[in-house]
Protein chains: 2
Amino acid sequence: MIRVSIFEDNKHLRETFLFLLNTSEGFTCTGAYADCSTMLEDIAANPCDVVLMDIEMPGMNGIEATKLVKEHFPKINILIQTVFFEDEYIFNAICAGASGYILKSTTPEGYLDAIKNVQSGGSPMTPGIARRVLELFKTNLQPAKPARVYDLTAQEKKVLKLLVEGKSYKMIAAALYVSFDTIKSHISNIYSKLHVHSGTEAVSLALRNKLV
Amino acid sequence: MIRVSIFEDNKHLRETFLFLLNTSEGFTCTGAYADCSTMLEDIAANPCDVVLMDIEMPGMNGIEATKLVKEHFPKINILIQTVFFEDEYIFNAICAGASGYILKSTTPEGYLDAIKNVQSGGSPMTPGIARRVLELFKTNLQPAKPARVYDLTAQEKKVLKLLVEGKSYKMIAAALYVSFDTIKSHISNIYSKLHVHSGTEAVSLALRNKLV
DNA sequence: TCTTTTATAACGAAAACGGGGGAGATGTAA
DNA sequence: TTACATCTCCCCCGTTTTCGTTATAAAAGA
């Protein structure tokens, strides 16, 4: 039995979902709300597994609400449903922690499938949405990696990592249980391998090239 | 009629797909190949709408192949199918231009649905894969990341930028046409605003939070 | 108007850093 | 075996950075 909470400002739609869930095998609706003003209390009072979240709502919108729910109830799977097919929304919804994103043009069976899907660890998306997600993924996250290793040894990588964390030579020495001079020696070697001449340069290069 | 090319090294699977496609309404298989050695010529000789691509193949792997196909035939939709449920593969496949990613555990009907889906502009993904994609999306691509501005002034931002580029105080002073002591002063202010106590820490924080 | 912020600049001292050399103890590869 | 690389440590030396404090003029805000 999947417990679902509904946040949807349109009365007709909200009651349609409520009816659909309560008359379908394996689903139960634990709450249907018109806005998110008392959302956290509502969910706390009526626990659920999945939240069906509208984006466009008076007061707090569905994306902000998603973020909040995820902060307080990280285990709840949130299924966004909207009429908006826009990158900005998709992008923000995903980053807010939504696990699925479907359009309101979805059929009732599609809704139930999506809820089942999201609850079993999937991420249902209207086909076109999924394509947009991949496009966003590709364009925003291009090169994957230059993957150059610069031939740093294991110890040197540890030292570089600590350096990137802002540690001083002294602190790095303490952290690795070796002497100050050993760290100096390692760092000197790191600099020559990375072709840099200062800690700031090394950190910059390391972070830009994802060496750490 | 959706024209499909198959790249799959397993003979049994390859022939199964071939049979499935040629006996299903609305599909036709224009070629079934065991490797990608002559892939571009194969596709040029037998045009298709969708490529069903295996990842693990002798010689060129499916991800490299995907990249190549997309370069030469950008309109072809590529559906990756594999036994591997690994972030690294998913990530690279998407970046290579794949439009769908399904596991080989998918049913025959699932395959046909996926092919139809990918051809009509969707991005079919095995439920768990979709979830992984969203996770990767979220972790690799923090939302625009305004986060905190730390109230750095314009001049301080310039100084920080130069610091991140690995410049020394002296070089920064020269670059901004001010005195060495002025830079000392700015950097001191930057550190206190950023709550750091060294250049490496400042650079690290600046890059991580995309302040520059 | 008065106050605050910003950018500029200076001095001094302690701490940290960067570069140079050398050297012994490993373990592995040729 | 002889190399080679790695990790460890030490010394010296000069430079750079960090952290104080102080101060002035300009700009912006109340």
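From a predicted model like this one, the values you see are computed outputs, not experimental measurements. Per chain, numbering begins at 1; letters A, B, ... match sequence-line order.
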### Message
Below the 4.0 Å mark, does C/dC17 have OP1 or OP2 next to a side-chain nitrogen or oxygen of A/Y191?
### Response
no
#### Entry: Nucleotide C/dC17, atom P - distance to CD1 of A/I187 in whole Å
7 Å
### Task
Whole angstrom is fine here: how far is it from NZ in B/K170 over to C1' in C/dC17?
14 Å
### Query
So which one's nearest nucleotide on DNA chain C is more toward 5', B/L176 or A/H197?
B/L176
### Message
Using the side-chain contact (heavy atoms from CB on, under 4.5 Å) definition, which of the options B/N46, B/D9, B/I43, B/I6 pairs with B/Y33?
### Response
B/N46
### Task
Side chain of A/Q155 only, please: which of D/dC7, D/dC10, D/dT17 is the nearest?
D/dC7
### Side-chain donor/acceptor contact of B/T153 with base of C/dT6 under 3.5 Å
no
### Short side-chain N/O contact to D/dC9 OP1/OP2 from A/T182, under 4.0 Å
yes
### Task
Would you mind telling me which of D/dC10, C/dC17, D/dC7 lies closest to the side-chain atoms of A/H186?
D/dC7
#### Entry: Atom pair distance, as rounded to whole Å: CZ in B/F180 and P in D/dT17
6 Å
### Message
Any side-chain to backbone donor/acceptor pair from B/S5 onto B/V51? Under 3.5 Å, distance only.
### Response
no
### Query
What nucleotide among C/dT8, C/dT6, D/dT18 has an atom nearest to a side-chain atom of B/K193?
C/dT6
### Message
Using a distance-only criterion (donor-acceptor N/O pair, under 3.5 Å, no hydrogens), is the base of C/dG12 paired with the side chain of B/K184?
### Response
yes
### Query
Among B/D54, B/T82, B/T126, which residue meets the side-chain hydrogen bond (donor to acceptor under 3.5 Å, both in side chains) test with B/K104?
B/D54
### Query
Are any of A/S179's side-chain N or O atoms less than 4.0 Å away from OP1 or OP2 of D/dC9?
yes
### Query
Step by step, would you call B/Y191 with B/E201 a side-chain contact (heavy atoms from CB on, under 4.5 Å)?
CA-CA 9 Å; B/Y191 286 2; B/E201 264 189 288; over 6 Å; no
